[in-house]
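Right, one structure below, let's go through it.
None of these values were measured; they are calculated from a predicted model. In listed order, ligands and their atoms are each counted from 1.
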Amino acid sequence: MNVLGINGSPRIGGNTDILLDRVLEGAARQGGNTEKVILNDLKFCPCQECEDIIRDSVCIIDDDWHQVYKRIKNADAIILASPIFFGSISAQSKMMIDRFQCVWRAKYMLKKDIFNRRKKGGFISVQASARKDFFDNAKSIVKNFFAVINVDYKEELFCPGIEEKADILRYPDILKKAFELGQRITSV
Ligand SMILES: Cc1cc2nc3c(=O)[nH]c(=O)nc-3n(C[C@H](O)[C@H](O)[C@H](O)COP(=O)(O)O)c2cc1C
């Protein structure tokens, strides 16, 4: 099983990055082929609402976003990991998601299901505060995204009260949960 981790945090070695690594370690232990994409390392622009995608059903902007698109297409399971920024997912994560508007149009307007093979999905997130509504906001965006690309929302891990870089290392119980999430999502 190909398990793709998508890191939407700009802070490498930060909480999201550490948690995602732990998920992928769990997936690898279960026999999965794992890969991690760091959105902040890629050069891609936000959706431009190009008219042409209505005809083509493929994003016509030529940038690094297509690397994510290809990897998602080849994956059997996807873990999206994002910190909470201003009450929702990070800008990097949202920009990546918005570019899938071409797939949304293909699916719902042209009736072409490009992502016709179902996949499993998980969402992990960290934030400094204890606010549940922020995780709910983020989750609703991710669930909407997963529905468009035919990913079944199977797993989630939300970690409140985590602020400084690598704070998450002080919580072995959460790291264990991340590892186990990776194992579960890789099991048939
Ligand atoms: C731009 C920005 C916005 C943030 N907004 C929120 C927020 O709305 N609510 C919250 O609880 N934490 C917020 N935080 C704190 C981060 O969610 C927190 O520090 C998290 O652990 C960062 O994860 P990372 O190390 O993976 O980047 C914000 C941090 C930044 C940099």
Side-chain angles (χ1 to χ4, degrees), residues 2-29 32 34-48 63-65 67-69 71-72 75 77-100 120-146 149 151 153-186:
N2 295 324
V3 183
L4 177 68
I6 302 173
N7 182 1
S9 170
R11 191 151 70 168
I12 303 311
N15 301 309
T16 309
D17 198 34
I18 292 167
L19 269 180
L20 183 58
D21 282 348
R22 222 36 80 95
V23 170
L24 294 177
E25 281 165 30
R29 181 75 61 85
T34 63
E35 191 176 14
K36 182 168 81 170
V37 174
I38 298 169
L39 295 178
N40 205 52
D41 284 350
L42 303 178
K43 300 270 176 284
F44 64 99
C45 72
C47 175
Q48 300 297 305
D63 63 14
D64 288 353
W65 172 84
Q67 294 179 26
V68 191
Y69 177 92
R71 286 188 169 90
I72 288 182
I78 295 161
I79 310 295
L80 179 59
S82 173
I84 296 294
F85 282 179
F86 279 89
S88 187
I89 54 172
S90 67
Q92 288 86 344
S93 307
K94 187 63 163 58
M95 261 170 58
M96 183 273 293
I97 290 173
D98 285 353
R99 290 282 299 276
F100 278 85
K120 292 200 268 185
F123 175 45
I124 61 177
S125 189
V126 291
Q127 68 173 8
S129 72
R131 289 186 59 155
K132 182 180 172 300
D133 56 331
F134 288 172
F135 287 132
D136 287 343
N137 284 343
K139 176 176 171 172
S140 107
I141 296 168
V142 173
K143 283 188 97 168
N144 188 5
F145 168 52
F146 279 2
I149 59 170
V151 171
Y153 188 96
K154 291 272 189 199
E155 296 284 346
E156 63 185 24
L157 180 60
F158 298 144
C159 315
I162 310 288
E163 183 156 23
E164 300 304 325
K165 186 172 184 179
D167 251 0
I168 199 80
L169 290 174
R170 297 196 288 122
Y171 299 91
D173 51 324
I174 301 178
L175 298 173
K176 185 166 174 274
K177 280 185 185 164
F179 185 88
E180 289 166 355
L181 188 159
Q183 287 186 305
R184 277 197 307 276
I185 209 156
T186 313

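- Partner Glu180 forms a side chain to side chain donor-acceptor pair (under 3.5 Å) with one of Lys177, Lys176, Gln183 and no other, that one being Lys176.
- Residue Pro83 touches ligand 1 through its side chain alone, judged by heavy-atom distances below 4.0 Å.
- Residue, atom and distance of the protein heavy atom nearest to atom 2 (C) of ligand 1 are Phe85 CD2, 3.5 Å.
- In terms of protein heavy atoms, atom 19 (O) of ligand 1 is closest to Glu163 O, 2.8 Å.
- Between Thr34 and Thr186 the shortest side-chain heavy-atom distance does not fall below 4.5 Å.
- Test Thr16, Ile174, Asp17 against Ile168 for side-chain contact (heavy atoms from CB on, under 4.5 Å) and you get one pass: Ile174.
- Within the listing of ligand 1, atoms 24 (P), 26 (O), 27 (O) sit less than 4.0 angstrom from a heavy atom of Ser9.
- Residue Thr16 has at least one nitrogen or oxygen atom sitting less than 3.5 Å from a nitrogen or oxygen atom of ligand 1, judged on distance alone.
- Scanning all heavy atoms of the two residues, the minimum distance from Ala130 to Gln127 falls at C-NE2, 3.6 Å.
- Residue Gly87 has at least one N or O atom closer than 3.5 Å to an N or O atom of ligand 1.
- Rounded to the nearest 0.5 angstrom, Cys47 SG and Ile97 CD1 are separated by 12.5 Å.
- Side-chain contact between Lys43 and Asp63: absent, with no pair of heavy atoms (C-beta onward) separated by less than 4.5 Å.
- Arg11 NH2, 3.6 Å is the protein heavy atom nearest to atom 22 (C) of ligand 1.
- Side-chain contact check for Lys94 versus Ile141: some heavy-atom pair is nearer than 4.5 Å.
- Met96 is listed as a side-chain neighbour of Phe145, based on a closest heavy-atom distance under 4.5 Å.
- When only interatomic distances are considered, the shortest N/O to N/O separation between Lys165 and ligand 1 does not fall below 3.5 Å.
- Residue-to-ligand polar distances place Ala128 within reach of ligand 1: an N/O pair is separated by less than 3.5 Å.
- Distances below 4.0 Å separate heavy atoms of Val126 from the following atoms of ligand 1: 17 (O), 20 (C), 21 (O), 23 (O).
- Taking the six-membered ring for Trp and the full ring otherwise, Phe158 and Phe123 have centroids separated by under 6.0 Å.
- For a threshold of 3.5 Å applied to N or O pairs, the pair formed by Asn15 and ligand 1 contains at least one separation below that value.
- The shortest contact between atom 13 (C) of ligand 1 and any protein heavy atom is with Ile84 O, 3.3 Å.
- Distances between N or O atoms of Phe86 and those of ligand 1 include at least one value under 3.5 Å.
- Atoms of ligand 1 lying under 4.0 Å from at least one heavy atom of Ser129, given by number and element, are 10 (C), 11 (O).
- The distance from atom OG of Ser9 to atom CZ of Phe85, rounded to the nearest 0.5 Å, is 5.0 Å.
- Residue Ile162 places at least one N or O, backbone or side chain, under 3.5 Å from an N or O of ligand 1.
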